[in-house]
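Per chain, numbering begins at 1; letters A, B, ... match sequence-line order.
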2 protein chains.
Amino acid sequence: MEVITIKDIAKALNLSTSTVSRALRGSYEINPETKRLVMEYAERMNYRPNPIALSLKENRSRSIGVIIPEIANNFFSQAINGVESIAYNRGYHVVISQNHESYERELVNTQYLAQRRVDGLIVSLSGESNDLEHFKELQTKGMPIVFFDRVPQDYITHKVSADNFVGAYEATAHLIQQGFRRIAHLTSPSWLSITYERLEGYKKALQNHGIPIEESYIKYCSHGGMIPEEVEKAVLELIHHPERPDAIFSAGDRLTTSSMSLIKREGLRIPEDIAIVGFTNLISAHLLNPALSAVTQPAYEMGQLATEFLIDLIERPKSTIRFETKRLETKLVIRQSSLKPA
Amino acid sequence: MEVITIKDIAKALNLSTSTVSRALRGSYEINPETKRLVMEYAERMNYRPNPIALSLKENRSRSIGVIIPEIANNFFSQAINGVESIAYNRGYHVVISQNHESYERELVNTQYLAQRRVDGLIVSLSGESNDLEHFKELQTKGMPIVFFDRVPQDYITHKVSADNFVGAYEATAHLIQQGFRRIAHLTSPSWLSITYERLEGYKKALQNHGIPIEESYIKYCSHGGMIPEEVEKAVLELIHHPERPDAIFSAGDRLTTSSMSLIKREGLRIPEDIAIVGFTNLISAHLLNPALSAVTQPAYEMGQLATEFLIDLIERPKSTIRFETKRLETKLVIRQSSLKPA
DNA sequence: AACGTTGCCGATAACGATTGCATAAAAAAA
DNA sequence: TTTTTTTATGCAATCGTTATCGGCAACGTT
């Protein structure tokens with residue numbers, strides 16, 4: 001391990017570490033000649049300042065932490081790419097961690113990142129998180145936090161989300177317009193913002209079209225699709241409902257693909273027996289059998305926006321901040337899975 | 001930012017930092033009573049040692065870096081979950097970074113992780129990496145590195161990969177057995193290990209069945225599917241080949257889904273006009289239209305194994321190490337996309 | 001009584017970098 | 001020539017932690 005330090009340079013050039021340090025940062029009070037010598041030597045020896053030492057001294061790390069439920073999910077991986085695109089341009093590194101829809105993991109990861117002195121956090125809540133004390137505590141200690149996608153309601157900070165209400169409304173309205181009437185909704189844990197907003201959009205669309213809301217058509221999966229049995233139970237209850245729904249509006253990649261699998265496994269056809277629209281960013285949606293109608297979110301842009309918000313929080317004096325909640329438009333792509341057969 | 005340090009504890013209890021430090025680590029030379037006091041106070045104040053200070057002092061970070069092409073890829077995200085499962089059990093954190101198939105990004109990420117003093121690296125090479133000097137240099141400086149999936153040939157360290165040769169052989173043999181004869185191969189950059197091994201398996205299967213190898217049926221995508229135009233060009237060349245192939249054996253998620261899209265867009269049917277088998281871990285393979293036959297890799301296990309190798313390298317005295325190259329079995333799942341119509 | 005042993009604890013120096021303050025030498029002003 | 005100012009550099013503290021070394025009682029042994 002022969003890594004060159006400022007001390008090595010100082011020794012080699014018979015200078016003090018302070019002089020070397022200042023020379024490297026181009027301080028005006030260093031002799032231009034000395035500066036040149038130091039710069040050249042540092043260049044030649046491929047000197048790189050030790051970021052750990054800097055973190056210790058400055059209590060920051062020029063990196064931002066991202067905590068999301070799963071990377072194996074197109075929405076989140078696209079969002080991360082958005083985060084990276086902004087972060088790198090502004091000189092920050094990105095540290096990714098997954099909570100796997102577990103409160104416990106979220107807690108551990110949050111604390112880890114805080115200890116590692118990330119300069120800020122971008123968070124999409126786990127399916128189990130209704131207690132947000134760990135974030136609140138961090139925030140009072142000065143850690144900037146921006147939520148995206150799954151945002152807490154009673155929490156004052158920047159938030160970025162898709163317009164889940166409108167997205168859900170459009171999806172449901174589309175199904176109604178196609179002639180479906182018994183429309184079920186398969187969704188994530190009830191306490192998540194995305195769940196609530198989508199549910200409201202779904203209900204509103206039904207109401208506006210004079211269709212009564214049937215509570216037994218609404219199924220929550222409190223582990224967000226991480227536990228196959230839970231999804232299976234929910235879907236089977238729908239399929240074997242005395243008045244079987246003729247369409248499902250489902251949230252999330254996993255819930256949607258699982259539903260499709262199960263419907264097929266049970267010998268039913270999509271969309272003839274049950275139509276389906278997913279709230280998902282699956283890139284292979286158009287390749288599915290049948291091609292999947294989907295409400296897609298601008299994941300990349302959401303990641304970008306959240307990051308701009310966060311870096312703003314980090315770099316701007318606190319006093320001048322007014323917190324915002326931004327909603328980005330979703331897009332409904334209609335494909336075969338939601339078309340009423342003639 | 002009121003984080004409690006060992007110094008604060010020392011001051012509060014009227015002890016020296018050394019005593020507090022030793023008490024916390026349970027040193028035998030501290031009075032049990034003092035120990036109890038310190039422990040209790042630390043517990044009450046929720047003291048956590050500063051990992052940055054430890055990293056600086058010990059020149060290590062109890063974390064391992066993972067550098068992969070893309071997280072938006074089921075194979076890699078499953079592999080990461082495997083890595084995490086082992087790492088967390090053994091007290092290491094995992095830092096993920098993507099190279100997006102770019103040599104430049106790989107270089108930057110490698111250096112970043114090295115500067116951050118990760119204790120070791122788990123790497124799957126970018127599609128552009130034929131120069132491995134950056135890894136070699138790190139390794140001579142003492143950084144343990146384990147490669148997986150895309151492994152370099154002339155590099156002495158632990159390596160973990162799927163048995164690409166056998167996987168490709170089985171896929172190709174399956175197509176032949178189905179009655180296909182003009183079998184094309186759409187694959188990743190030619191210099192990658194996975195490309196070579198799969199190509200060899202493909203060729204061997206053709207040879208063993210007396211089918212001549214047609215070079216114009218073999219298409220490399222030197223950006224591994226990251227550039228849509230490149231894939232499009234390759235697939236279209238196959239589709240419009242004077243002797244159009246009746247089957248494609250394709251590598252990678254992106255290459256496979258792109259091929260399916262393009263074949264459909266060009267008005268051809270799968271498998272009637274062109275059959276397809278993918279080398280992919282797409283979780284929605286069974287939901288595609290048609291259901292996709294695929295060679296899948298034990299991604300999770302590969303991640304686990306690579307991590308065990310790495311932690312072994314990190315913790316074991318160097319002298320006792322004998323480097324291994326492990327190949328794990330792939331699994332061919334036959335679905336509709338590769339079945340010859342009657 | 002002199003010496004050695006133990007038990008318990010503290011001061012200090014690292015790790016790598018930055019920075020406020022001090023200071024030497026050189027240049028400018030008196 | 002003397003004083004002041006400027007220029008260029010070094011010293012030392014700091015960030016949080018631990019390892020090394022050493023100190024000082026209290027006790028036991030001869």
Evaluation steps, side chain to side chain donor-acceptor pair (under 3.5 Å), between A:Ser126 and A:Glu101:
CA-CA 4 Å; A:Ser126 95; A:Glu101 302 287 12; 5.1 Å; no
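- Under the rule for a ring pair (Phe, Tyr, Trp, His ring centres under 6.0 Å), B:Phe76 has no partner lying at least two apart in sequence or in another chain.
- Rounding to whole angstrom units, CD1 of residue A:Ile52 and C1' of D:dT17 are separated by 13 Å.
- Using a 4.0 Å cut-off between charged nitrogen and carboxylate oxygen, A:Arg117 and A:Glu58 do not count as a salt-bridge pair.
- A heavy-atom distance below 4.0 Å to DNA chain C is reached by these residues of residues 8-24 of chain A, ordered by number: A:Ser18, A:Ser21, A:Arg22.
- The CG atom of B:Asn59 sits 14 Å away from the C1' atom of D:dT17 (whole-angstrom rounding).
- Nucleotide D:dT9 holds its P atom 5 Å from the CG atom of A:Asn31, rounded to whole Å.
- As a whole-Å value, the separation of A:Ile6 CD1 from D:dG10 P is 13 Å.
- Residue B:Thr34 is classed as a sugar-phosphate contact, given heavy-atom separations below 4.0 Å to backbone atoms only.
- Looking at A:Glu315 and A:Arg90, a side-chain N of the basic residue comes within less than 4.0 Å of a carboxylate O on the acidic one, giving a salt bridge.
- Side-chain atoms of B:Glu58 and base atoms of C:dC15 include no donor and acceptor less than 3.5 Å apart.
- In this structure, A:Phe135 has its ring center closer than 6.0 angstrom to the ring center of A:Phe147.
- Checking D:dT9, C:dA17, D:dG16 against the side-chain heavy atoms of A:Asn50 singles out C:dA17 as nearest.
- If you measure from atom CZ of A:Arg62 to atom C1' of C:dA17, you get 16 Å, rounded to the nearest angstrom.
- Nearer to the 5' terminus of DNA chain C, by closest-nucleotide assignment, is the contact made by B:Ile30 (compared with the other of B:Ile30 and A:Leu56).
- Side chain of A:Lys7, nearest nucleotide from D:dC15, D:dT17, C:dC15: C:dC15.
- Summarising the geometry, the separation between CD on B:Gln115 and C1' on C:dA17 is reported as 13 Å, rounded to the nearest angstrom.
- Regarding A:Leu37, its CG atom lies at a distance of 14 Å from the C1' atom of D:dT9, rounded to whole Å.
- Side-chain N/O atoms of A:Tyr28 include none lying less than 4.0 angstrom from OP1 or OP2 on D:dT6.
- Looking at heavy-atom distances under 4.0 Å, B:Arg48 makes contact with sugar-phosphate atoms alone, never a base.
- Between A:Glu29 atom CD and C:dA22 atom C1' there is a gap of 12 Å when expressed in whole angstrom units.
- Here the side chain of A:Asp149 pairs no donor or acceptor atom with the backbone of A:Ser161 at under 3.5 angstrom.
- B:Asp312 places no side-chain N or O within 3.5 Å of a backbone atom of B:Glu308 that could act as its donor or acceptor partner.
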